[in-house]
Structures are given as structure tokens and as C-alpha cells.
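Indexing begins at 1, ligand by ligand and atom by atom, following the structure's order.
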Amino acid sequence: MSRNKNNQAIWNKRINKNSSILFQEIGSSIDVDKRLFKEDILGSIAHVKMLSKQKIISSKIRNNIIKGLKKIEKEILNKKFIFNKKHEDIHMNIEKRLFKIIGNDAGFIHTGRSRNDQVITDFKLWIKSSTQKLDRKLIRLIKTILKIANNNIQTIMPGFTHLKNAQPVSLAHYLLAYLEMFQRDKKRLLNNLENLNENPLGVAALSGTSFNIDRFFTTKKLGFKKPTNNSIDTVADRDFVLDFLYSISVCSLHISRIAEELIIWNSDGFNLIKLSDKVVTGSSIMPQKKNPDPLEYLRGKAGGTFGNLFSMLTILKGLPLSYFKDLQDDKEIVFRSFDTLNNSISILNEVLNNFKPNKLKMIKLANKGFVTATDLADYLVKYHGKTFRDAYQKTAMIVNYAEKNNIKLNELSLKELQKIEPCLKTNVLNIFDLKNSVNSKKSFGGTSFNNIKKMILKYKKIYK
Ligand code: ARG
């Protein structure tokens, strides 16, 4: 075993020139992967416990290594640890420091493993706990949406298709649509854990190891479900990274959509909501301005997360098996995506807690665009035995009439209506009432007040 003088690379016996400074700069990933220190120490402790159980190292050496690793963890937590670019990454930085603290016993730590399996073990553990963090954040966001929805069951607004008024809906129902998306995001993230839950530790460089290791032991210690099956696949596999990046992308896509929605609603043209001063910014020249910058930030940041997913796909697409330095970039990409989404969920939560619906404006806008036309067509089918297509034609004629005379459907007199469709009776006038329209959509998943109440109740039970 080579002696590890602290300023020398582990491989100094084989490679006798120092790396060029330029390569040290670009080849080192310590600035990025130091975020894995906890997982790295956890993985190493499990590894040496296994080595000693298997009698590959003595319990004295095991205890020495564990003591050293715990000291290193404390040093890092207390910001006393000096990370050195020369030692490339978190794994070598910790190993180097271990030599300094416990001496040559440190040389046993890497028995039966490689950085190739070490790094994926760390990374999987990190993604697992980061998934839980995102999950908790999403729960908070979902609770906020539930609270606002609960306060706005009777708040009526136009639902849009093509951004043209389509049919009236409840604001609660609109917001619950986003709740469904975030609920799916949660599930998508958690579903990934199933595939990710296989322990890479012990596949070593790519072919396994001749040491009599017990991968089931480290699997249990590290909270994985089972050891991975194939050593070559294990080292080369970054599917779990792609899954995480994709799930993050979809969630940021949803955030971007609601951000865009709120930007439109907040625009002077729509004026459907008011953002509190906490979540707007001013203009350097136009004193009157209050701009929805945080929402624009969210919309913009989604682009970055898609880019990260694409970067990773591209890095992988041409790689034969198994490990290549190309893979080192996975951490930077994932950390960036995670940080972006983590911030974005908080920001969206903050914005949602800081806006008020302009209820009057919402109902006023819902009154435009003949949004109850479908209700009239449905009424003709239900009460006057027409086919839906005939009813559609008649309703279109009534809409044309109203448009020509510049009046709303609910301003038409029974007489005017009967001129186009003689069978109509007084009760047709109720059809044009927006509340009645919203409340009539009782089909499962529709916008009726009762449906919404039930849905809110159901979710409140889940998200207590
Ligand atoms: N820092 C490296 C990475 O993240 C660890 C694996 C190094 N393995 C190697 N064969 N150079 O990719």
C-alpha cells in the first residue's frame, strides 16, 4: 500500500507528474460534490462495518476509521474542513483527511470498493433524501392551494379555452386543477424511489470484487431495498438521475404554467387578481409600476430545468459502458435542478399566500363571451327533446342575435328567445345565471360547488 503523504495524489506511484494546473481546475469537482459529504461518510461507515463483519479488516481498524470519519463530518459541519481541489472530489478529500487524522489505517477504507460505486451510492442517497425534501415542500404548497380553494368555492370566473371565455367555473376548481398537477408531481418523484432503491456499493470499479464482501449487509445499513444485479450496469447507470431530472422538469413546468396564468390574470387587461406588494417589484423609470417579477422568475427558471434534463440525456447518449469522466457532471446538473425547484416551490407558495382574487372583475369577465351558450344547448336537449346538434344550431342563432344587438344572453327577453326557438319557456332564463351554470356541472370532476367541497374534504383528510 502506498504511503499517502498529504499533498500527494493517491495514484502518485503510477503517475509521477502532477496534473497540469489547468486540468486540476477543470477536473476537480470538489466545489460541487462537497454537498455529498454526509452521504459519503454514511456510505463509508456502512462499508467498513461490513468489511469488519466479514473479517476483511479488524474491528480495531474499523473503529479507528469510523472515529476519523465522524471527526471529519464534524469538521465539515463546523466549516473547519479545508477542501482541496488537488484531491479532486469529495471522496478523495475525505480519504486524504482520514490519513491525516488516523494515519495508515485509513488505507483500508477503500478495500473492495471504487469511487465508481462510492459516488453512485452517495448520489442515490442524496437524491433519496432530496426527493423527501421536495415532497415536504409540495405538501406545503398543496395545503396553501387547498386553503385558497376553500375560501373561493363560490368565486366565479370564466374558464378559458384558447384564452377565450369558454364556460364559467369556480376559482376553487381552477386552483384545484393545479393541485392535481402537484399531487402527480409528488407521486412521480416518490415513484422514482422504487427504481432507485438498489444499492450500488460493492460493485467496485465495474466487475465486482474478489473480497468476500456482503452487499446485503450494506444494503440494509443504508436503507436500500436490494443490491444492484449487474456490476457493469451499476457503474454506468444514471437512469435514476434522469428520472429525478424529468420529475423536476415536469414540476417546474406546472409551476411555470400557473405562474403564466397569474401573470395574465394580474395584467391590466385582465385584472382578475391583485398581488400584494410583497411579491411585486418596481420599475427604475416608471414610478407607477408594480411588476410580477417573482412569477416571471418562476416561468424563466423552468427553462433551466428542462435544459438540465437535456444535458444529462446528451451526456449519456454516446457513452459505452461503464464509467467515464463525462458522468462527473451529473452532480452539478442535479444540484442545479434541485435548487431551482426547491426555490421555485417556496416562491410560488409565497405568491399564492399573497394574492387576492378580484371577485367582481372575475364575474364581470365571466359575463362576457356568451359563456352559458352550452348550458342553453344542453337545456334544449334535456327539456325539449332536441338532438345536441339541433340544439347547438339553435343556440348559435340565439348567440348571433345577442351579439348583433350587443346584449348578453341573460339580457334577452323570453319573447326574443321564442322568436328563434318557440318552444322555450320562462325557466330558460335561469339557464343564463352563471352560478346555476357552474353548479349544474355535477358530473364527477366537474365544477359544481358540491363536487368542489367533496374534493376539498377528500384532500384535507390526506393533507391534515
Ligand atoms: N468524482 C467522480 C465522479 O463523480 C467519482 C468517480 C471517479 N471515478 C473514476 N474512475 N475517475 O464521477
Side-chain angles (χ1 to χ4, degrees), residues 2 4 8-15 17-20 22-44 46-47 69 72 76 81 83-98 106 109-128 130 196 199-209 218 222 228 230-242 244-245 308 311-338:
S2 70
N4 281 277
Q8 286 172 338
I10 294 273
W11 41 82
N12 74 321
K13 282 283 177 292
R14 171 78 177 137
I15 300 176
K17 282 209 172 69
N18 282 339
S19 290
S20 84
L22 185 61
F23 183 68
Q24 266 180 37
E25 271 297 316
I26 56 135
S28 156
S29 59
I30 187 62
D31 289 344
V32 173
D33 59 28
K34 61 182 172 198
R35 278 175 79 162
L36 295 177
F37 77 92
K38 266 196 187 145
E39 289 77 10
D40 198 68
I41 288 170
L42 210 71
S44 289
H47 182 65
L69 288 171
I72 292 174
I76 299 178
F81 190 96
F83 293 102
N84 192 340
K85 278 199 171 172
K86 214 159 138 191
H87 306 321
E88 261 194 52
D89 54 26
I90 185 64
H91 325 294
M92 301 317 285
N93 267 269
I94 288 179
E95 190 175 322
K96 274 281 177 185
R97 179 73 190 130
L98 193 63
I109 195 176
H110 215 52
T111 316
R113 78 168 184 193
S114 147
R115 276 188 301 164
N116 294 354
D117 55 340
Q118 189 180 353
V119 71
I120 322 168
T121 306
D122 296 1
F123 205 21
K124 279 190 169 180
L125 291 173
W126 188 90
I127 290 185
K128 251 173 122 176
S130 301
L196 174 141
N199 177 22
L201 198 58
V203 303
L206 82 158
S207 66
T209 172
T218 51
L222 294 173
T228 51
N230 179 295
S231 58
I232 303 177
D233 170 57
T234 305
V235 169
D237 170 39
R238 293 296 181 278
D239 292 1
F240 65 96
V241 174
L242 292 175
F244 191 56
L245 291 172
N308 293 338
S311 299
M312 197 64 221
L313 285 166
T314 313
I315 285 172
L316 289 168
K317 76 175 270 296
L319 282 191
L321 308 180
S322 58
Y323 179 84
F324 291 89
K325 188 77 166 178
D326 312 42
L327 293 169
Q328 180 161 282
D329 272 350
D330 57 0
K331 263 86 64 200
E332 189 177 350
I333 290 170
V334 161
F335 293 157
R336 250 192 282 134
S337 269
F338 170 81

Item to check | Side chain, backbone, both or neither: the part of K331 lying under 4.0 Å from ligand 1 by heavy atom | outcome: side chain
Tell me which protein heavy atom sits closest to [atom], plus the residue, atom name and distance to 0.1 Å.
{"atom": "atom 2 (C) of ligand 1", "answer": "Q328 OE1, 3.2 Å"}
{"atom": "atom 8 (N) of ligand 1", "answer": "N116 OD1, 2.8 Å"}
{"atom": "atom 3 (C) of ligand 1", "answer": "Y323 OH, 3.2 Å"}

Item to check | NZ/NE/NH1/NH2 to OD/OE distance under 4.0 Å, K96 and E88 | outcome: no
Next on the checklist: Between D33 and K331, does any side-chain N to carboxylate O distance fall below 4.0 Å?
Outcome noted: no
Checklist entry - Any luck finding a side-chain donor-acceptor pair between T218 and N199 under 3.5 Å? => result yes
Item to check | Which of the ligand 1 atoms, numbered from 1, are nearer than 4.0 Å to a heavy atom of D89 | outcome: 1 (N), 2 (C), 5 (C)
Checklist entry - Which one of R115, R35, K34, K325 satisfies the salt bridge (Lys or Arg N to Asp or Glu O under 4.0 Å) criterion with D89? => result R115
Checklist entry - What is the distance from atom OG of S130 to atom CZ of F244, rounded to the nearest 0.5 Å? => result 5.0 Å
